[in-house]
Amino acid sequence: MSRNESIVLTDPSSGSRAEIAPHLGFNCYAFRAIVDGEPIEVIDAEENFAAGQSRPSGHGIPILFPFPNRIRGGRFKWFGRSYKLPESLVGHDGNGNAIHGFCLDRPWRVTAQRGHFVVGEFQLSRDAPERMSCWPSDCLVEVRYELRGPVLRADVRIANTGSETLPWGFGTHPYFRLPLSPRSHPSRCLIEASAAEEWELVNCLPTGGRCPITEAKDLRDGAYFDTLSLDDVLTGLKAEPDAVNHVIIDEQAGLQVMQRCDTAFRELVVYTPRGRNAVCLEPYTCATDAINLEAQGIDAGLRTLDPGSEFHTWIEIRAGQVLA
């Protein structure tokens, strides 16, 4: 396989298809689910994304690790030591904040592959060694994408491959395309999420306060896409019973896309990119800037792993008909 070649997953029984770019952060930038013979283009990305000419975080399903979203000022402390994530080494948001981790803009290594699945991994010391000084321990993230019918599943393994305690958070940044059928319209798409609370934000960074969700961001009963203008960190998600579900319902087409996540994903960033018929439903294991919030005694979901330890989690994207 060429260093810049995408991998195509296929499900012969249904005709569903997914495309993953190992050379671009193991980004799954296309997923065509076949439902009762009808194709649903689930994921939104520029046509030439695989050529590497697009912003890594702006298309497909970027993978965010060892921190999702922002770290304030690109600085934090861990066990008394100060860390800096300079813009020369790590992506920044234009306001001086480090953003979206270390692995979405780097090539991953493919470790296993068949027609319907592929496994990729990224290890900090091996795949971005110049960024080792930015984090307290070496670490590895492994993602196994598998396609079964109209279902795309990601099984995720996080490992501490270093000698120090590893602080970490994991998230994805999927861009879901709207509508789900050419016979429908984005305005007829409902966005549903069970979040009952939101983090108070100033310039996209949490202040540390959480409050009941406001009406403009309340997706529990669904909200039409054309009424939303969001870039918010929601929390207080309801598990049903062993997973957290987020749903896009195309009423006119009678189709839906459900994102099911392990209950480890306690936060959800909802983002409606301006000028695009797409919505981002981003499952995170922790809040934005969790490592600095935790230092203030605020439970933000930051996780840790001892040297040699692992954590396993999963996310599933399922297309289908709307059930009555």
Side-chain angles (χ1 to χ4, degrees), residues 1 3-9 18-31 43 56-57 60-69 90-91 100-132 134-148 151-174 243 259-266 282-286 301-317:
M1 184 180 72
R3 182 175 178 84
N4 294 328
E5 184 178 341
S6 294
I7 290 173
V8 178
L9 305 184
E19 298 179 52
I20 292 138
H23 58 292
L24 299 172
F26 209 63
N27 187 313
C28 178
Y29 62 92
F31 173 29
I43 300 300
S57 63
I61 309 180
I63 295 171
L64 317 179
F65 177 81
F67 64 93
N69 217 297
V90 180
H100 290 337
F102 301 154
C103 65
L104 86 168
D105 62 341
R106 291 302 174 90
W108 287 38
R109 287 167 287 108
V110 175
T111 58
Q113 182 183 356
R114 294 287 188 275
H116 68 287
F117 80 87
V118 63
V119 182
E121 71 174 34
F122 172 96
Q123 185 173 358
L124 184 57
S125 62
R126 182 172 177 178
D127 301 303
E130 75 282 5
R131 296 174 175 173
M132 275 290 295
C134 297
W135 211 250
S137 183
D138 192 16
C139 49
L140 178 144
V141 55
E142 176 189 85
V143 174
R144 182 187 193 273
Y145 272 119
E146 180 174 358
L147 185 61
R148 294 287 188 185
V151 181
L152 179 67
R153 181 180 172 97
D155 286 289
V156 181
R157 179 172 68 95
I158 309 294
N160 183 348
T161 50
S163 58
E164 305 293 335
T165 300
L166 172 71
W168 66 274
F170 177 88
T172 64
H173 195 317
Q259 182 174 238
R260 289 173 50 80
C261 307
D262 179 12
T263 55
F265 292 94
R266 48 168 277 177
E282 309 171 37
Y284 290 1
T285 61
C286 64
L302 184 72
R303 290 178 175 266
T304 61
L305 280 173
D306 292 331
S309 298
E310 296 185 351
F311 184 88
H312 296 255
T313 188
W314 58 272
I315 301 171
E316 191 176 88
I317 299 173

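None of these values were measured; they are calculated from a predicted model.
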Go through the steps to decide whether Ile158 and Leu305 satisfy the test side-chain contact (heavy atoms from CB on, under 4.5 Å), and finish with yes or no.
CA-CA 9 Å; Ile158 309 294; Leu305 280 173; 4.0 Å; yes
So Arg260 and Trp314, side-chain contact (heavy atoms from CB on, under 4.5 Å) or not? Walk me through it.
CA-CA 9 Å; Arg260 289 173 50 80; Trp314 58 272; 4.0 Å; yes
Would Leu64 and Leu104 count as a side-chain contact (heavy atoms from CB on, under 4.5 Å) here? Give the steps.
CA-CA 6 Å; Leu64 317 179; Leu104 86 168; 4.2 Å; yes
From CA spacing to verdict: side-chain contact (heavy atoms from CB on, under 4.5 Å), Trp108, Val141:
CA-CA 10 Å; Trp108 287 38; Val141 55; 3.7 Å; yes
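In this structure the side chain of Ile61 reaches within 4.5 angstrom of the side chain of Ile317, judged on heavy atoms. The shortest side-chain heavy-atom distance between Pro174 and Pro283 falls under the 4.5 Å cut-off. Cys103 is not listed as a side-chain neighbour of Asp127, based on a closest heavy-atom distance of 4.5 Å or more. Counting only heavy atoms from C-beta outward, the side chains of Phe311 and Leu166 never approach each other to under 4.5 Å. Side-chain contact between Ser6 and Tyr29 is present, with at least one heavy-atom pair separated by less than 4.5 Å. The shortest side-chain heavy-atom distance between Ile20 and Phe26 falls under the 4.5 Å cut-off. Considering only heavy atoms from C-beta on, Glu5 stays 4.5 Å or farther from Pro22 through its side chain. Taking 4.5 Å as the limit, some side-chain heavy atom of Trp135 sits within range of a side-chain heavy atom of Pro167.
Across all their heavy atoms, Ile43 and Cys28 have their closest contact at CG2-O, 3.9 Å. When all heavy atoms of Cys134 and Phe102 are compared, the closest pair comes out as CB-CZ, 3.8 Å. Between Val90 and Phe67, the shortest heavy-atom distance links the atoms CG1-CZ, 4.5 Å. Summarising the geometry of Thr313 relative to Ala264, their closest heavy-atom pair is OG1-CB, 4.1 Å, with the distance given to 0.1 Å. Nearest heavy-atom pair across Pro129 and Arg126 is CD-O, 3.9 Å. The shortest non-hydrogen separation linking Ala154 to Tyr145 is CB-CE2, 3.7 Å.
Using cut-offs of 30° and 60° on the angle between ring planes, the pair His100 and His173 is perpendicular.
Atoms CZ and CG, on Phe117 and Leu9 in that order, are 9.5 Å from each other to the nearest 0.5 Å. Here NE2 of His312 is found 6.0 Å from CZ of Arg157. Values are rounded to the nearest 0.5 Å. Separating the CD1 atom in Ile315 from the CZ atom in Phe170 is a distance of 5.5 Å, to the nearest 0.5 Å. Note that CG of Leu124 is 9.5 Å distant from CZ of Arg106, once rounded to the nearest 0.5 Å. With rounding to the nearest 0.5 angstrom, the CG atom of Asp105 is 11.5 Å from the CG atom of Asn27. Separating the OG1 atom in Thr285 from the CH2 atom in Trp168 is a distance of 4.5 Å, to the nearest 0.5 Å.
Between the side chains of Asp138 and Thr161, a donor-acceptor pair is found at a separation under 3.5 Å.
A 6.0 Å sphere centred on CD of Glu316 holds more than 12 heavy atoms belonging to other residues, nucleotides or ligands.
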